[in-house]
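Comments concern the structure below.
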Amino acid sequence: MYPAPIDEYVRPATVADALAALGRYDEGDAVFVAGGQSLMQAVKARLVRPRCLIDLQSVSGLSGIDVGADGVRIGPMTRYAEIARDERLTGACAALRDAAGRVGDRQVRNRGTIGGSLCWNYVAACMPPTAIGLGASLELTAADGGTRTLAAEDFIGGPLETAREENEILTAITIPAAAGSAGSAYKKWGLVTDALPVIGVCVALEVADGRCASGRVAVGGLANGPTRSGAGEEALVGVAAGDGDGIAAALAKAADEIETQDDLWADSDYRKQLIRSLGAEVTATAFARAAG
């Protein structure tokens with residue numbers, strides 16, 4: 001299909017200009033375009049009918065990856081391909097490369113952006129559960145210049161829902177530095193190679209003396225949106241690297257706790273099995289990465 005008529009296309013150079021363009025229209029009549037890989041499909045199908053497209057590709061300061069002693073700061077317009085090939089993203093942040101390297105196909109990875117994925121929050125996306133699993137924070141700037149920062153799990157809601165206000169733009173994603181040895185991993189399962197995930201699991205661990213000191217387990221591909229498993233995280237504490245039975249028991253608790261759905265791609269029980277099997281794999285990988 002062709003999109004409904006669009007009155008204006010804007011390509012601002014600054015965040016202020018982008019927000020000013022947004023403010024000229026009533027709510028919902030103007031939309032930001034990041035990579036456009038999801039939004040433009042919805043526009044062409046007339047599921048979204050904006051009067052104005054605000055293209056963020058030329059906005060200064062919204063792209064790039066900074067790695068420092070305090071952690072990692074990623075511009076929301078940073079492409080998946082850039083994240084996937086950044087060899088500085090190791091240990092605690094390695095799940096980012098796992099997820100970015102398997103999003104969609106080559107075209108999507110070279111055009112799509114991390115910020116676009118988080119703000120679109122599609123039900124079967126890789127970045128939302130990864131951001132939650134890594135304990136990321138999202139920085140938002142409003143039209144009046146004010147900023148606020150939300151934890152990823154507070155920003156990301158149900159499918160296609162976020163806490164971003166109409167007059168705000170996402171300006172940064174930050175991941176705090178780990179206090180000690182840490183590792184993370186992400187893996188998805190889809191019906192074919194490069195498919196959207198039926199289930200995707202991110203696990204991040206801090207390890208001391210070869211045992212899990214703290215962990216985060218996040219799962220995507222769920223009807224209610226990506227979520228953490230408190231039961232799985234609690235069960236991982238104290239588990240030793242290489243303890244396959246302990247890891248399996250922790251991920252079984254996660255699978256039991258998380259509500260899964262039946263649909264055309266998989267039933268609820270199969271999704272729970274994926275949480276157990278993929279979760280055990282990524283937990284073992286996270287342990288290995290924490291060990292260097």
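None of these values were measured; they are calculated from a predicted model.
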* To do: Using a strict 4.0 Å threshold on nitrogen-to-oxygen distance, state whether D98 and R289 make a salt bridge.
  => yes

* Asked: Quick one: CG on L170 to CG on L62, what's the gap to the nearest 0.5 Å?
  -> 8.5 Å

* Structure fact -> For S229 and I258 the tightest heavy-atom approach is CB-CD1, 4.0 Å

* With rounding to the nearest 0.5 Å, note down the distance linking CG in N110 to CD in E82. => 9.0 Å

* To do: Please examine the side chains of K272 and E259, heavy atoms only from C-beta on, and report whether any two atoms are closer than 4.5 Å.
  => no

* Asked: Can you tell me how far CG of L89 sits from CZ of R97, rounded to the nearest 0.5 angstrom?
  -> 6.5 Å

* How far apart are the C-alpha atoms of I83 and T78, what are their side-chain angles, what is the distance that settles it, and do they pass the side-chain contact (heavy atoms from CB on, under 4.5 Å) test? -> CA-CA 7 Å; I83 296 171; T78 306; 3.9 Å; yes

* Non-hydrogen side-chain atoms of S137 and I173 separated by less than 4.5 Å -> no

* Looking at side-chain heavy atoms only, is the closest gap between S117 and P128 below 4.5 Å? -> yes

* Could you tell me if the ring centre of W120 sits under 6.0 Å from that of F32? => no

* Asked: Closest heavy-atom contact between T113 and R79?
  -> CG2-NH1, 3.7 Å

* Where do L53 and M40 land on the side-chain contact (heavy atoms from CB on, under 4.5 Å) test, with the steps shown first? -> CA-CA 10 Å; L53 296 177; M40 294 312 297; 4.2 Å; yes

* Asked: Do you know the tightest heavy-atom contact between G133 and C202?
  -> CA-SG, 4.0 Å

* **Salt bridge present between R211 and D209 (N-O < 4.0 angstrom)** => no

* Heavy-atom closest pair, residues R164 and C119 -> CD-SG, 4.4 Å

* Asked: With a 4.5 Å limit on heavy-atom distance, are the side chains of Q37 and Q107 in contact?
  -> yes

* Is the closest side-chain donor-acceptor distance between S268 and Q261 under 3.5 Å? -> no

* Straight-line distance of D154 CG to T149 OG1, nearest 0.5 Å -> 11.5 Å

* **Full working for side-chain contact (heavy atoms from CB on, under 4.5 Å) between L39 and V31** => CA-CA 9 Å; L39 174 65; V31 294; 3.9 Å; yes

* Structure fact -> Interatomic distance, CZ@R88 vs CD1@I65, rounded to 0.5 Å, equals 6.0 Å

* Is any side-chain heavy atom of V219 less than 4.5 Å from a side-chain heavy atom of I199? -> yes

* **Distance (rounded to the nearest 0.5 Å) between D17 CG and R11 CZ** => 14.0 Å

* Shared hydrophobic cluster for V48 and Y9 (ILVMFWY, side-chain gaps under 4.5 Å) -> yes

* Structure fact -> Nearest heavy-atom approach of I54 to A18 is CD1-O, 3.9 Å

* **Min side-chain heavy-atom separation T283-T285 under 4.5 Å** => no

* If you measure from the Lys or Arg side-chain nitrogens to the Asp or Glu carboxylate oxygens, is any gap between R24 and E8 under 4.0 Å? -> yes

* Closest non-hydrogen atom pair between P159 and G225, with its separation -> CD-N, 3.7 Å

* Side chains of C126 and K188 in contact at under 4.5 Å (non-hydrogen atoms) -> yes

* Under the salt bridge (Lys or Arg N to Asp or Glu O under 4.0 Å) rule, what do R148 and E139 come out as? Steps first, then yes or no, please. => CA-CA 6 Å; R148 63 181 180 132; E139 179 185 287; over 6 Å; no

* To do: Might you work through the side-chain contact (heavy atoms from CB on, under 4.5 Å) test for D269 and T260, ending with a clear yes or no?
  => CA-CA 8 Å; D269 288 342; T260 54; over 6 Å; no

* **Q57, CD atom: more than 12 neighbouring heavy atoms under 6.0 Å** => yes

* Lys/Arg N to Asp/Glu carboxylate O, D263 vs R271, below 4.0 Å -> yes

* Side-chain heavy atoms of V282 within contact of Y186, under 4.5 Å -> no

* Asked: Between R51 and D29, does at least one N-O distance fall below 4.0 Å, as a salt bridge requires?
  -> yes

* **M77-V15 co-clustered via ILVMFWY side chain contacts under 4.5 Å** => yes

* Asked: Would you call R228 and E257 a salt bridge, taking side-chain N to carboxylate O under 4.0 Å as the test?
  -> no

* **Hydrophobic cluster identity match, L134 and L118, side-chain contacts under 4.5 Å** => yes

